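Read the structure below first, then the notes.
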Amino acid sequence: MSAIAEHKDVEVAATEGSRPLRVALVSPYDFAYPGGVTNHITGLSDELRRRGHDVTIVAPSSRPIDDLDADNLAVIGRPIPVPTAGSIARITLSLTLGKHVRPLLEQGNFDVIHLHEPMTPTLPLTFLRLAAGPALVGTFHAYAERRRALWASRFLLQRWARLLDARIAVTEPARQFANRYFPGEYTIIPNGVDTDVYAQASPMPTYQDGRLNILFQGRMEKRKGFPHMLRAYAQVRWQFPECRLLVVGPGNMDRESARVIGERGLEDVHFVGYASKEELPRYYRTADVFCSPALGNESMGIVLIQAMAAGRAVVASDIAGHRSVITDGHNGLLADPKDEQAFAETLIRLLRDTGLRSTIANTGSETVRRYQWSVVADAVLEVYHRALERRARTHLGPPAAHTLPPL
């Protein structure tokens with residue numbers, strides 16, 4: 001196992017003069033629906049293409065390809081919503097994807113197949129079964145306390161995991177989670193962020209009226225902890241009546257959140273809904289404090305990095321994924337969102353103390369350097385070249401499809 005910091009001063013194999021690689025970035029998730037994995041793949045694709053590599057993104061989609069902002073996307077499969085770990089995974093469960101994957105493999109002539117969440121059905125597993133020639137790299141993004149379905153199927157899936165030439169985990173908690181079910185060597189490389197976009201964005205003038213803005217950004221899902229955010233915010237408003245809560249993200253408000261708003265008479269909650277990739281950095285720059293009350297199953301919390309990149313102080317729930325990014329009192333403040341008084345007091349502390357707010361924001365701006373795409377892509381390319389070397393050593397002779405049990 002190695003950490004991203006170990007790659008910062010290493011001369012990687014993908015330097016000027018090395019031949020461009022043909023890479024397929026494979027996602028199990030609906031490309032038409034925003035999410036951390038999809039955003040990471042898009043950013044990685046952009047950075048690799050900027051360096052001259054030939055990249056194809058492969059994913060299912062609920063919308064026609066012409067409606068999607070990706071000129072290098074190959075759509076395979078139609079996703080369906082599947083409940084998982086307090087969220088909804090929009091994945092394809094089709095068992096007939098091979099008829100689309102085979103011709104893509106033949107036409108693409110890929111050097112590397114980079115599978116994101118490689119053990120997720122069924123698209124990544126189809127590539128594992130059929131892509132015997134290219135080097136196979138898997139990035140494990142997820143974290144959870146436990147996954148019963150993974151535990152039950154771990155022995156079958158371990159046979160597929162052994163086909164990977166290299167493994168990446170986005171944080172130490174993600175590595176521990178993946179290693180529990182698929183033991184092996186993992187390189188820790190975090191999700192990347194286009195930090196300049198967030199640092200240089202202009203605030204939304206509508207909300208620049210002297211009032212303090214608290215930002216919540218995320219999907220309206222139970223695990224994101226939005227009802228707890230509202231309960232804490234109700235207490236904050238007693239001491240800071242001239243503040244507002246900006247809520248940015250897709251999905252519909254749940255009944256519990258609506259009840260809290262009604263019972264506590266919260267009038268200054270502004271629901272923005274989905275924000276485009278151009279608008280989203282502007283909302284971060286509009287905020288005085290960013291707040292993430294997620295309850296768990298967060299491997300990293302990319303929203304924290306986005307807030308830091310925008311130069312904003314962060315209050316976040318004290319969970320494993322957030323601790324992989326935040327050191328309490330240094331580049332953010334951590335608290336238990338289920339303890340609404342403690343969470344509110346943490347928010348009030350930042351709102352009241354402009355000096356502390358500035359200090360934490362400045363420290364966060366330093367933190368995000370290791371999440372810049374230039375650093376992340378260097379580390380990913382190093383893994384690609386290690387995987388290619390391993391593939392060359394261990395897979396001699398003509399390639400053939402793997403003879404593992406069918407999906």
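Excluded from the calculations below are hydrogen atoms, water molecules and symmetry mates; all remaining heavy atoms, backbone and side chain alike, are included. All values reported here derive from a predicted model rather than from experimental measurement.
- The nearest pair of heavy atoms linking Arg223 to Arg219 is NH2-NH2, 3.4 Å.
- Between Arg50 and Glu47 there is a salt bridge, with a side-chain nitrogen of the basic residue lying less than 4.0 Å from a carboxylate oxygen of the acidic one.
- Between the CD1 atom in Ile188 and the CZ atom in Arg167 there is a gap of 14.0 Å [rounded to 0.5 Å].
- Look at Asp165 and Arg386 and you find no salt bridge, because none of the NZ, NE, NH1 or NH2 atoms lies under 4.0 Å from a carboxylate O.
- A distance of 6.5 Å separates OG in Ser299 from CG in Asn191, rounded to the nearest 0.5 Å.
- Taking 4.0 Å as the cut-off between side-chain N and carboxylate O, Arg349 and Glu345 do not count as a salt-bridged pair.
- Distance alone, capped at 3.5 Å, is enough to place a donor-acceptor pair between the Ser317 side chain and the Ala294 backbone.
- Tyr284 and Gln217 share a donor-acceptor pair across their side chains, judged by distance under 3.5 Å alone.
- Note that the CG atom of Leu215 and the CZ atom of Arg244 stand 12.0 Å from one another [nearest 0.5 Å].
- Glu340 and Arg264 are joined by a salt bridge, as a carboxylate oxygen and a charged side-chain nitrogen come within less than 4.0 angstrom of each other.
- Between Thr92 and Leu123, some side-chain heavy-atom pair lies under the 4.5 Å cut-off.
- Using a 4.5 Å heavy-atom threshold, the side chains of Asn39 and Ile302 count as separate.
- Leu25 contributes atom CG, which lies 9.0 Å from atom OG1 of Thr42 (distance to the nearest 0.5 angstrom).
- Note that OG1 of Thr126 is 12.0 Å distant from CG of Leu104, once rounded to the nearest 0.5 Å.
- Between His270 and Leu245, every side-chain heavy-atom pair lies at or beyond the 4.5 Å cut-off.
- At a cut-off of 3.5 Å, with distance as the only test, no side-chain donor of Asn213 or Thr286 sits close to an acceptor on the other residue.
- Under 3.5 Å, the side chains of Asp254 and Ser257 contain a donor-acceptor pair of N or O atoms.
- Classification of Asp268 and Arg237 as a salt-bridged pair holds, one side-chain N sitting under 4.0 Å from a carboxylate O.
- In this structure, Asp69 places its CG atom where only 12 or fewer heavy-atom neighbours from other residues, nucleotides or ligands lie under 6.0 Å away.
- Distance alone, capped at 3.5 Å, places no donor-acceptor pair between the Arg312 side chain and the Arg357 backbone.
- Without hydrogens or angle criteria, Thr122 side chain to Ser94 main chain gives a donor-acceptor distance under 3.5 Å.
- In this model, no donor atom of one side chain and acceptor atom of the other lie less than 3.5 Å apart for Tyr29 and Arg90.
- A distance of 13.5 Å separates OH in Tyr207 from CG in Asp288, rounded to the nearest 0.5 Å.
- Formation of a donor-acceptor pair under 3.5 Å by the Asp336 side chain with backbone atoms of Ala342 is not found in this model.
- A salt bridge links Arg51 to Asp378: at least one charged side-chain nitrogen sits closer than 4.0 Å to a carboxylate oxygen.
- Two residues are said to be in side-chain contact when any heavy atoms from C-beta on lie closer than 4.5 Å; Val289 and Val315 meet this criterion.
- Judged by distance alone, with hydrogens and angles left aside, the side-chain atoms of Glu117 form a donor-acceptor pair with the main-chain N or O of His141 at under 3.5 Å.
- Here the shortest heavy-atom pairing between Ile360 and Gly332 reads CG2-N, 3.5 Å.
- Looking only at distances, no side-chain donor or acceptor of Arg231 sits under 3.5 Å from a matching main-chain atom of Val260.
- Ion pairing between a basic and an acidic side chain is recognised when a charged N comes within 4.0 Å of a carboxylate O; Asp111 and Arg19 show such pairing.
- The pair Glu172-Arg175 meets the salt-bridge criterion, with a side-chain N (NZ, NE, NH1 or NH2) lying under 4.0 Å from an Asp/Glu carboxylate O.
- His114 places no side-chain N or O within donor-acceptor distance of the main-chain N or O of Ala24, the cut-off being under 3.5 Å.
- With sequence neighbours excluded, no residue forms a ring pair (Phe, Tyr, Trp, His ring centres under 6.0 Å) with Tyr371.
- Panel note: side chain Ser358, backbone Gly355; no donor-acceptor pair is recorded below 3.5 Å.
- Counting heavy atoms from C-beta on, the side chains of Val58 and Val101 never come closer than 4.5 Å.
- For the pair Ile168/Tyr186, no side-chain contact is recorded, criterion being any heavy-atom separation below 4.5 Å from C-beta on.
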Check residues 59-66 and write down every donor-acceptor pair under 3.5 Å in which the side-chain atom is one partner and the other belongs to a residue at least two apart or another chain.
{"residue": "Ser61", "atom": "OG", "partner": "Arg63", "partner atom": "N", "Å": "3.1"}
{"residue": "Ser61", "atom": "OG", "partner": "Arg63", "partner atom": "O", "Å": "2.8"}
{"residue": "Ser62", "atom": "OG", "partner": "Asp30", "partner atom": "OD1", "Å": "3.4"}
{"residue": "Ser62", "atom": "OG", "partner": "Asp30", "partner atom": "OD2", "Å": "2.7"}
{"residue": "Arg63", "atom": "NH2", "partner": "Asp67", "partner atom": "O", "Å": "2.7"}

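- With contacts defined as side-chain heavy-atom distances shorter than 4.5 Å, the pair Tyr233/Val269 qualifies.
- Between Arg49 and Asp71 there is a salt bridge, with a side-chain nitrogen of the basic residue lying less than 4.0 Å from a carboxylate oxygen of the acidic one.
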Audit row: His116, His40, side chain to side chain donor-acceptor pair (under 3.5 Å) steps and yes/no: CA-CA 10 Å; His116 293 261; His40 173 77; 4.6 Å; no

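- The distance between the ring centers of Phe226 and Phe216 falls below 6.0 angstrom.
- No hydrogens or angles considered: a donor-acceptor pair under 3.5 Å links the side chains of Asn72 and Ser45.
- At a threshold of 4.0 Å, the pair Asp194-Lys277 does not count as salt-bridged, since none of the basic side-chain nitrogens sits closer than that to a carboxylate oxygen.
- No salt bridge links Glu256 with Lys222; every basic N to acidic carboxylate O contact stays at or beyond 4.0 Å.
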